[in-house]
Structures are given as structure tokens and as C-alpha cells.
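Below: one structure, written as C-alpha cells.
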Amino acid sequence: MSDHHAREVWEATLGDLQIRVTRPSYETWLKGTVGLSLNDGELIVGTPNTFVAEMLEQRMYSLISQAVEKVVRDRVEIRFQVLRPGINNGGVNVNRDLAEDSYPGTASNSSPSPQKQTRVKINAKYTFESFVVGSSNALAHAAAAAVAEQPGRAYNPLFIHAGVGLGKTHLLQAIGHRVHQMGRSLIYTNSEQFTNEYIKAIRERTTDDFREKYRTIDVLLLDDIQFIMGKEQTQEGFFHTFNTLHMDNSQIVITSDRPVRFLSLLADRIRSRLEGGLVVDISPPDLETRLAILEAKARTQRVEISPVAQEVMGFIAELSPRNIRELEGNLNRVIAFSQLTNSPITMELALRALADILSQRDRPCISKQAVIDTVAAHFSTEPQVLIGRKRDKRTALARHVAMYLLRQELDMHLAEIGRIMGSRDHTSVVHACNRISSLLNSDAIFRKDVLAIRNLLLDQAARS
Ligand code: ADP
Ligand code: MG
């Protein structure tokens, strides 16, 4: 639940902070935060993760509280709280693909309620100029460039397939920028937006307008087609749009995070159409390309590429081998950390900035059996008793601690925990976890006990 007033206060504060901190700091730490509630002089601010919450709390608190107080003209305590995805964000768009530009083609107003029509916007940064070409993406890049130069002539449709965070949206929007520069009309949309629009057109009986809107463009850029799998109506709309455009020699470019042959729920006729064009893949970048991407990103942020900075980038490149979005995120963290603490980029600083990622990676692997054995030993009982039927107080408590640790430390599914803990159903696991959480909050001695078990488990795992 976010209340309107808190949201406004926080937005006004963000507006002020935006001019007081550097852009990378703002982007890394403040963007994506939301005002959740403001009561009795306490403002609760939602953050995307604990790292951001800690950073804001520990390093930017006084700056932030001054800014808040300027807005509300009163003393305010600020508390940061991690947002769970989909909850609490009060409809605020926390999408990282910042919408900055929108082209006329994307904002056609053929629908009867134009003010309600949400546009999919295109990011000013996603251009061919900022796209680093390496062996993993050279083919996709060349095809995209050819299509942008000669829409409808080179390869039609062009289908770009790649895993998450490997540059599909970037390339697709780069085509959009180029096509727009050449004075041609285009629509960039994703399949979710396309679906919404089409369904709305059906509901409001404006499918003619819908078709007309798409018929008049030179280039259709459709991102993430995998989302229309299984949606029959949308597929129907897409198929007609596709045919119309194709017959007019308009260019169609489609991306997907799955290869065409795996788009199993996509109607066969669409699939065979896609296969009739050019299909290109982007694979995860090799080390050299990852380094080149990091250097390019660092340069746009005006980071001096000293030998030490190069070493740090080598380290970051090793750290996130598959996903370019992660690669970028890690670099941004390091840069922001250096700016916020006013210290140069060094290996030591990078290790601190990336501490939580490193600790996740190096987290020793605790086994289920170790949890059961260790908890049983701590409560002076036997593993079989723990997973058995005995229900005295002490056994029940031990059992609950084991369930809690399996959930917290091993991140196991509730049902799976229930199963290995003697075929109990998942509601009893939920109950156990809640009970232990609240005990941990209220009982310091119990907390020490559980921490001791946890540390023991971590030690054992690290040694094995
Ligand atoms: P996808 O759509 O495949 O999930 P994106 O296009 O959103 O991935 O890319 C994720 C991030 O990585 C974006 O910030 C994008 O600019 C960046 N990126 C991906 N590939 C490249 C590349 N070859 N050169 C520079 N940046 C890239
Ligand atoms: Mg994308």
C-alpha cells in the first residue's frame, strides 16, 4: 500500500536530490525508490534491494533527510524498506529501460481515447553507435544495420533471438533510431503492449483503426514475441498485421528470448512465416567483448581508464559472464560507490562495492541433511525424531527451526521442505517459519541459539 501523499513528498524530494547528486549516483541509488507512507514524522521509502537501502541509510541519510525536510517543512525520520516485486510500488514504473524518446509512429492516436493510450517509448541510449560489436553479436548487428538502411528489402522478417540481457532491445531500438533519422515511419512495441492494444481494439470495436495504424508504417519493431505465445486472439491480430505489412513490403523485426522452434505455442503458420525470413542469434559475449563493453560504458560515464581501472574492469568482466545488463549494473555500482565515497576506483573499492554479489556467489553450499543433523544435535535429539511424529514442545521447536533454516538458508520450496520433514503439508511449513521469525524478533537468547546453528552450518559447508 502506498499512500498518495508519501509518494508525492518523495517524488518532490527526488526532484531535489536529482540536482544534488551525480547522475550515476542518482540512477544507481535513487531511481526506482518510492515513497510508501508518511505518518507521525516517519517517512518509509521503498527500495529495490537491501544493498540500495543500506547505501541510502549509511551514506546518504543526511543529504536525503535535509531534502525531505525542505519539502515537508518539518523534521522527518526516514526508514528504508525493501520492496517486494509487484508489491508496494504503487504503480510506479520501476522499469530500468528508461523511456526517454518516443517517435510519432509510436504514438498514433487512432484510438478513441488517446490520452489513455500508453506508449512504449524508446531509449535514447540504445543506438548503433553505443552498441559494441564482438563475435557473439556480429551477425545480428550486421543484419540489423542492413535492415535499418534498407527496410523491407534486405531480410524480411528479421528475427533476433538471444537470452535475457544480451542486447535484443538495444539492437531493435537502434534500428528504430536509424529508421527515424531516415525519415521513415515506425512502430516500436512489445508483445505485451501489442496484446493490450489489440484487445482494447476488439472491445471498443476499433479493429479497423488498429489495422490502419499498422498498415501505414514502414517498419514494425516487435520486442519479446514469446509473450504472445498461447494468446490466441493476439496471435490472430498479429498474423493479420504481419501479412498486411509483409505484402506491402514493410519491414518487420521481431525479437524473442527463445529460438523460433521453441515458440511451441505460437501458431504454426506464424512460426513458418518467421522461419521464412532471416533468423539470427546473439550468444553470450566472450571476455574480450565484455571488456570492450565495459570500457565503452566507463567512457560514456567519463571514468578515467587508468591501469587500475582496467584491472577492475577485468575483474567485473570475469564476474558476470552471461548477462550484459548485469555486467553494466556491476560497473555502475563500482562507479557510484567511488563517487559517493569520493575515492578513486581501485580493486579494494570494487570488492567492497560488489560485496553482496561476491558473498552470494561464494556462499558455501549447505546440504539439507546437514541442516537436519545439526539442528537435531543442537536440541539433543535424533534426526529421525525431528522428521518423525513426536510432538512435545522441544521437538516441535527444533523441527520448526530446521524448517526455517531450510527456507532461509537453502531457499527451498515450502512443499519440498514439507516433504523432507516427514510429509507435512506446506501450511505447517509456513506456520513454522512465521513462528520462528517472530521468536527471533522477540527473544534474544533464542536468536543467539539460531545464529549459532547457522554459523556452524556455514562453517561445516565451507570446510567440506
Ligand atoms: P535484452 O533485450 O536482450 O534482454 P537489452 O537490449 O535490454 O537486453 O540489453 C541489456 C543491457 O545491455 C542494455 O543496457 C544494453 O544497452 C546493454 N548491451 C547489450 N548488448 C550490448 C552491446 N553489444 N554493446 C553495448 N551495450 C550492450
Ligand atoms: Mg529486452
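These values consider heavy atoms only, across backbone and side chains, with no hydrogens, waters or symmetry-generated copies.
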Qualifying residues under side-chain hydrogen bond (donor to acceptor under 3.5 Å, both in side chains), relative to H400, sequence neighbours excluded: R435

Contact list for residues 159-168, test salt bridge (Lys or Arg N to Asp or Glu O under 4.0 Å), sequence neighbours left out: none

Residues in salt bridge (Lys or Arg N to Asp or Glu O under 4.0 Å) contact with R424, at least two apart in sequence or another chain: none

Within residues 74-83 or reaching into it, pairs that qualify as salt bridge (Lys or Arg N to Asp or Glu O under 4.0 Å) - sequence neighbours excluded: E42-R79, E69-R75, R75-E77

Residues which pass side-chain contact (heavy atoms from CB on, under 4.5 Å) with Q66, listed by chain and number, not counting sequence neighbours: R20

Pairs satisfying salt bridge (Lys or Arg N to Asp or Glu O under 4.0 Å), at least one member in residues 368-379, at least two apart: K368-E416

E129 atom CD, over 12 foreign heavy atoms within 6.0 Å: yes

Partners meeting side-chain contact (heavy atoms from CB on, under 4.5 Å) with I387 (sequence neighbours left out): I372, M421

For F128, ring-ring contact (aromatic ring centres under 6.0 Å, His included) partners two or more places apart: H141

Contact list for residues 47-68, test salt bridge (Lys or Arg N to Asp or Glu O under 4.0 Å), sequence neighbours left out: none

ring-ring contact (aromatic ring centres under 6.0 Å, His included) involving W29 - partner list, sequence neighbours excluded: F51

Residues in side-chain contact (heavy atoms from CB on, under 4.5 Å) contact with A201, at least two apart in sequence or another chain: T206, T207, F210

V303: partners by side-chain contact (heavy atoms from CB on, under 4.5 Å), with sequence neighbours left out: A298, Q301, I335, I345

